[in-house]
Structure formats: C-alpha cells, structure tokens
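Predicted, not measured: the structure shown is a model, and the values here were computed from it. Here is the naming used below: chain letters follow the sequence lines, and residue numbers restart at 1 for every chain.
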Amino acid sequence: MGKKIGLAAYLIDDPVQGALFFLGKKLAVKDSKGNIAGIIVETEAYGGAEDKACHGYGKRLTPRNKIIFQQGGITYVYFCYGMHHLLNFVLGPEGVPMAVLIRGVIITEGKELVKQRRKGNPEHHWADGPGKVTKAMGITLADNGISLIGDRIWVEESGLEVPDSEIERTPRIGVDYAEEWAKKPLRFVWKQAMQRIMPSLINASSSSLNKDRVKTACSPTTH
DNA sequence: CTCTCGATTAGCT
DNA sequence: GCTAATCGAGAGA
C-alpha cells in the first residue's frame, strides 16, 4: 500500500485546484472481501463563491448536505436519482461548502471483486461514471462523512503524472438547473488515461471513452 | 456506435 | 408533489 495523502491536501480553499490535484491519483477502498483501488480519471469541482450547483449553495443546512460544510478530508456520499450513490471528497475549512465529485476511475486492483459487482459490463465501463464508481468499489451511504485519512477509503500519493495537454475541461454534467453555473467548465477528464493505464483495453473499447457530452467551443480555424 | 426513455426514492418546498 | 451531480436496456445505424 502506498502512502496516504494527508489532511493538508484537502484543506485547500479552491475546488478547481482540488479537482485537478486528484486526477491521476490512486483511490483505494478496504473491503471485507479485499482491497479495491483505481486511478481517478474524471472529476468535477463544486462550491466556492456562490456555486448554484453545489449542495451547499446559499448556506442552507439540511440533513443531507451538512457533511459538505465540515472541514475537508472526509467523504460526502449521497443518494441520487433514486438509485445511485455519488462519492465526493470534502475540501476546505469548516463552514465552507466545497467538494470534488469523483466521476471516473480505472480499476487497477481488486479486479475479481469488481468484475462480480459490475457483472455484465465490459471492463472499460466498470467505473466510468459517478454511480458506477461507487457500485464498483462498494461505497454506500454508510461511508458518508468518514475520514479520507482512515483505513476504509483513502487516496495515495503514488499517483500518475497527468500532463496538462491530456486534461479536457468541460461544463459539469447534469446541472442544467444551475443557471449561469451550469455552463462553467468545472469538469476535468484525463483523456488519455485509458491508453496510459490500461492500453490493452483500447482495442475493445474503441472510441467511446471520453466522448464530449457537451459541446465545446468552436474552433476559430480554417474557412 | 448513438439516442431515447424508464427506473426508483430521499430530500426538499 | 417534484426533482435529482445517473444508469442500462433496447432500438436504430
């Protein structure tokens, strides 16, 4: 097991910095049936200023969102669309709602267990979405609010270097209701992750990974 | 491969 | 009541 990332990394007050920092890092979960780990390849930044898509927007405190107001370094797991759990890392000082949503992971350890959990799905779709990440890694509401420096869920320093040129920035997914905040480019995808980490899966996966779900700026070139 | 649509329920108004 | 930081099946190409 590699060295855990310490508390200081979670106490930053900029969710964008956090979303970038965790790309390429190894996320690990200790399960009674064995450890599962993978490289984080997609994140979204929430919070800061007046982010209307953040569950802590307006500083309304509710039973669901109270965790996101706590000091960074813990998980924020919540139940979404009636059937999915979504994993966030809480950032920042107490009282400030900030988090990074973990949207995609490439599983590198504990594959046998994940294969069972994600039965019926090809490997490149094991954890390529926020609901799939938690399902593959066995994360549920029981993990809400636990320490990320503990022995159940943690992030390791031994990550991979992610070149800036391989990071794609797009608006966040599924937050159309957030008015002007819906369009802000706060989603980060490590485009070349699969070929860097699991090149053997490229053949099987063709070109569907990292597709643009959201239109990006038009190219100013040609014509 | 892409697109559409139904599933299913906690949390809020 | 209504909506939601989504997924996967099914149909068409």
Side-chain angles (χ1 to χ4, degrees), chain A residues 15-16 18-20 22-23 27 40-69 72 74-92 96-107 114-145 168-189 194 201-215:
Chain A
V16 169
L20 285 167
F22 288 109
L23 275 186
L27 171 64
I40 296 169
V41 299
E42 181 177 342
T43 58
E44 280 179 3
Y46 284 87
E50 296 290 315
D51 183 0
K52 288 178 179 170
C54 179
H55 287 169
Y57 173 64
K59 294 212 167 186
R60 288 187 314 275
L61 216 64
T62 67
R64 180 180 70 167
N65 74 11
K66 63 180 182 186
I67 295 293
I68 206 174
F69 287 91
I74 62 176
T75 60
Y76 169 49
V77 181
Y78 79 99
F79 190 60
C80 187
Y81 289 111
M83 59 189 90
H84 303 294
H85 300 288
L86 273 60
L87 171 68
N88 293 256
F89 298 160
V90 176
L91 302 180
V96 182
M98 267 195 291
V100 172
L101 170 66
I102 307 303
R103 290 190 57 91
V105 167
I106 293 178
I107 303 295
V114 174
K115 192 173 191 173
Q116 290 170 28
R117 289 201 175 126
R118 301 287 295 126
K119 204 165 171 180
N121 293 282
E123 185 168 346
H124 63 280
H125 283 155
W126 279 353
D128 62 336
K132 301 182 198 178
V133 168
T134 56
K135 187 160 190 192
M137 304 188 89
I139 295 166
T140 69
L141 278 182
D143 297 304
N144 187 27
E168 179 173 28
R169 229 183 134 149
T170 81
R172 294 172 294 187
I173 304 297
V175 297
D176 294 343
Y177 59 87
E179 301 173 25
E180 76 272 21
W181 284 85
K183 296 177 186 166
K184 293 188 186 286
L186 297 173
R187 169 175 173 249
F188 302 88
V189 183
M194 192 59 88
L201 292 184
I202 297 286
N203 284 340
S205 65
S206 180
S207 63
S208 77
L209 290 162
N210 308 321
K211 66 192 170 203
D212 265 1
R213 298 223 224 167
V214 187
K215 202 180 284 180

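Inter-residue side-chain proximity for A:Leu186 and A:Glu44 is flagged as unmet; no heavy-atom pair is nearer than 4.5 Å. By the 4.5 Å heavy-atom criterion applied to side chains, A:Leu27 and A:Leu87 are counted as neighbours. Contact check for A:Val105 versus A:Lys132: no side-chain heavy atoms found under the 4.5 Å cut-off. For the pair A:Phe188 and A:Val16, the minimum side-chain heavy-atom distance is below 4.5 Å.
Using bins of under 30°, 30° to 60° and over 60° for the plane-to-plane angle, the ring pair A:Phe89/A:Phe22 lands in the perpendicular bin.
Candidate nucleotides B:dC12, B:dT9, C:dT6 were compared by shortest atom distance to the side chain of A:Cys80, and C:dT6 ranks first. Closest to the side chain of A:Met83, out of B:dC12, C:dG8, B:dT8, is B:dT8. Residue A:Phe79 has its side chain nearest to B:dT9 when only C:dT6, B:dT9, B:dC12 are considered. Closest to the side chain of A:Asn121, out of C:dT6, B:dG11, C:dG8, is C:dG8. Checking C:dC7, B:dC12, C:dA5 against the side-chain heavy atoms of A:Tyr46 singles out C:dA5 as nearest. Counting only heavy atoms from C-beta on, A:Arg60 has its side chain closest to B:dT13 among B:dT13, C:dG8, C:dA5. Across C:dA4, C:dT6, B:dC12, the shortest atom-to-atom separation from the side chain of A:Tyr177 is found for C:dA4.
Taking side-chain N and O atoms only, A:Arg103 has a distance below 4.0 Å to OP1 or OP2 of C:dT6. Distances shorter than 4.0 Å separate none of the side-chain N or O atoms of A:Lys135 from OP1 or OP2 on C:dT6.
Computed from coordinates, the A:Lys52 NZ to B:dC12 C1' distance equals 19 Å when rounded to whole Å. Separating the NE2 atom of A:His124 from the C1' atom of C:dG8 is a distance of 13 Å, rounded to the nearest angstrom. For the pair A:Tyr81 OH and B:dT9 P, the interatomic distance rounds to 16 Å; values are reported in whole Å. Whole-Å rounding puts the A:His84 NE2 to C:dA4 P distance at 15 Å. In this entry the distance linking NE2 of A:His125 with P of B:dC1 reads 6 Å, nearest Å. When rounded to the nearest whole Å, the span between CZ of A:Arg64 and P of B:dT9 equals 17 Å. Separating the CZ atom of A:Arg172 from the C1' atom of C:dT6 is a distance of 16 Å, rounded to the nearest angstrom. Spacing between atom CG of A:Leu141 and atom C1' of B:dT9 amounts to 11 Å, rounded to whole angstrom units.
A residue-by-residue look at A:Ile68 and A:Arg118 shows that A:Ile68 has its nearest nucleotide of DNA chain C further toward the 5' end.
Side-chain atoms of A:His55 and base atoms of C:dA5 include a donor and an acceptor less than 3.5 Å apart.
In this entry B:dC3 has C:dG10 as its Watson-Crick or G-U wobble partner, both defining distances falling under 3.5 Å. For C:dT3, the paired nucleotide is B:dA10, the pair qualifying as Watson-Crick or G-U wobble because both relevant distances are below 3.5 Å.
A:Tyr57 approaches A:Asp51 most closely through the heavy-atom pair CB-O, 3.2 Å.
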